[in-house]
Amino acid sequence: MTAEIEANLQAVRERIAATARRVGRNPAEITLVAVSKTRPVEVIRAAYELGLRDFGENRIEEAETKFGLLPDDIRWHMVGHVQSRKAARAVTPYVLVHSVDRMKLARRLDRFAGEAGRTLPILLEVNVSGEASKYGLHPAEVEPAVEAMRGFEHLRIQGLMTMAPIVPDPEEARPVFVALRALRQRLVQHFPDLDWRHLSMGMTDDFEVAVEEGATIVRIGRAIFGERH
Ligand SMILES: *Cc1c(COP(=O)(O)O)cnc(C)c1O
């Protein structure tokens, strides 16, 4: 198991680095988040032993079953939709919540982060492709949302996240990544005092295109751990 993950991980890292260099980017500015949803703790521990520290989960309950069983220097990322009634549980365990997809969730996270005495780093999830099946703010909703969130003292916006549609050819995902980057550019202009450092975009099937288009965080599951069953 470890040998397979090791080979996969090395291949993923090399592909990220090669892609970054090809477009004149420094590979060190791209964070690899290993998406460990559905994977048992032994598999996650094997990846940890190989040096991975950033892991992404998409379900609050499942993540909670793992925290206590794994080293506490793991940086957990919440990448999945968070139901409002579970917002309190999305505050303390995570270094970054990528999936703030509506104002109601932002409001609740702000409140619970305040109660927990911390400032929670978040990304705004944007539904660039407009698919009905996807979560996220419509691109036109982002600026008003940011305007409203400026008053949230316990959230710290650090950028944007998106999921590209599942397409046969990763090139077809490119316009989504281009659009997210363009949206960030507008936000940098309208809100220059806020922090827009991150573009969390790119998964197993499309991460190279995402890196070409400026991803600072890629979220990769299957290319590291194999197919999910
Ligand atoms: C599952 C998931 C990923 C990783 O997907 P792979 O195709 O396994 O790389 C990335 N981001 C989110 C939000 C996910 O739910």
Side-chain angles (χ1 to χ4, degrees), residues 1 4-5 7-16 19 30-41 43-44 46-47 50 52-66 74-83 86-87 90 93-102 105 109 121-137 158-174 176-177 180 198-229:
M1 176 181 75
E4 191 181 324
I5 297 175
N8 288 346
L9 184 57
Q10 194 184 337
V12 166
R13 285 197 167 125
E14 280 170 9
R15 286 167 65 191
I16 292 170
T19 306
I30 299 156
T31 300
L32 169 60
V33 172
V35 178
S36 50
K37 64 187 183 195
T38 79
R39 314 293 174 176
V41 290
V43 169
I44 302 173
L50 294 166
L52 276 171
R53 290 296 177 273
D54 290 272
F55 290 89
E57 291 283 335
N58 72 333
R59 293 181 55 239
I60 298 278
E61 295 78 3
E62 181 187 338
E64 286 173 349
T65 66
K66 297 174 179 177
I74 286 183
R75 293 187 290 270
W76 294 103
H77 297 247
M78 174 44 65
V79 302
H81 178 68
V82 178
Q83 290 172 274
K86 295 179 188 160
Y94 300 99
V95 295
L96 184 63
V97 177
H98 294 226
S99 41
V100 176
D101 54 11
R102 61 203 191 283
L105 177 63
L109 289 173
I122 62 157
L123 305 179
L124 302 179
E125 180 172 355
V126 185
N127 182 359
V128 174
S129 61
E131 291 169 280
S133 62
K134 282 200 160 43
Y135 292 108
L137 296 160
Q158 294 195 333
L160 304 175
M161 181 272 229
T162 200
M163 308 225 338
I166 295 162
V167 287
D169 175 1
E171 274 303 320
E172 291 177 46
R174 189 180 298 274
V176 168
F177 302 141
L180 196 72
H198 282 309
L199 289 175
S200 170
M201 57 188 197
M203 316 190 343
T204 288
D205 293 324
D206 56 22
F207 70 86
E208 285 158 310
V209 176
V211 167
E212 286 173 0
E213 298 302 340
T216 63
I217 302 177
V218 290
R219 310 177 310 267
I220 299 182
R222 288 168 300 135
I224 297 170
F225 298 113
E227 288 302 316
R228 280 183 294 272
H229 302 292

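As a basis for the values below, the full set of heavy atoms in this structure was taken, side chains included, without hydrogen atoms, waters or symmetry mates. Both counts, for ligands and for their atoms, begin at 1 and track the order of listing. None of these values were measured; they are calculated from a predicted model.
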Within-shell test, H98 vs ligand 1, heavy atom, strictly < 4.0 Å: no
List the closest protein heavy-atom neighbour of atom 6 (P) of ligand 1: residue, atom name, distance to the nearest 0.1 Å. T204 OG1, 3.4 Å
Which of the atoms in ligand 1, numbered in the order shown and given with their element, are less than 4.0 Å from a heavy-atom of G221? 4 (C), 6 (P), 8 (O), 9 (O)
Say whether M163, considering both its backbone and side-chain N or O atoms, lies within less than 3.5 Å of an N or O atom on ligand 1. no
Here the gap from T38 atom OG1 to F225 atom CZ, rounded to the nearest 0.5 Å, amounts to 9.0 Å
Protein heavy atom at shortest distance from atom 11 (N) of ligand 1: R219 NE, 2.9 Å
Any idea which protein heavy atom is nearest atom 5 (O) of ligand 1, and the distance to it? M203 CE, 3.6 Å
Numbered atoms of ligand 1 (with element) below 4.0 Å of V79, judged on heavy atoms: 12 (C), 13 (C)
Out of all atoms in ligand 1, which are within 4.0 Å of some heavy atom of I220? Include the element for each. 9 (O)
Taking 4.0 angstrom as the limit, do E208 and R15 come out as a salt bridge? yes
The closest protein heavy-atom partner of atom 2 (C) of ligand 1 is K37 NZ, 2.6 Å
SB check E212 R174 (cutoff 4.0 Å): yes
Starting from atom 7 (O) of ligand 1, what is the nearest protein heavy atom, named by residue and atom, and what distance separates them? R222 NH2, 2.7 Å
Can you tell me how far the CD atom of E64 sits from the NZ atom of K66, to the nearest 0.5 Å? 12.0 Å
Any side-chain donor paired with an acceptor under 3.5 Å for S99 and H81? no
I'd like to know whether E125 forms a salt bridge (charged side-chain N to carboxylate O under 4.0 Å, His left out) with K134, so could you lay out the CA-CA distance, the side-chain angles of the two residues, the decisive distance to 0.1 Å, and finally the verdict. CA-CA 10 Å; E125 180 172 355; K134 282 200 160 43; over 6 Å; no
Run through L123, N58, L160, I122 and flag the one making a side chain to side chain contact (heavy atoms under 4.5 Å, CB included) with H98. L123
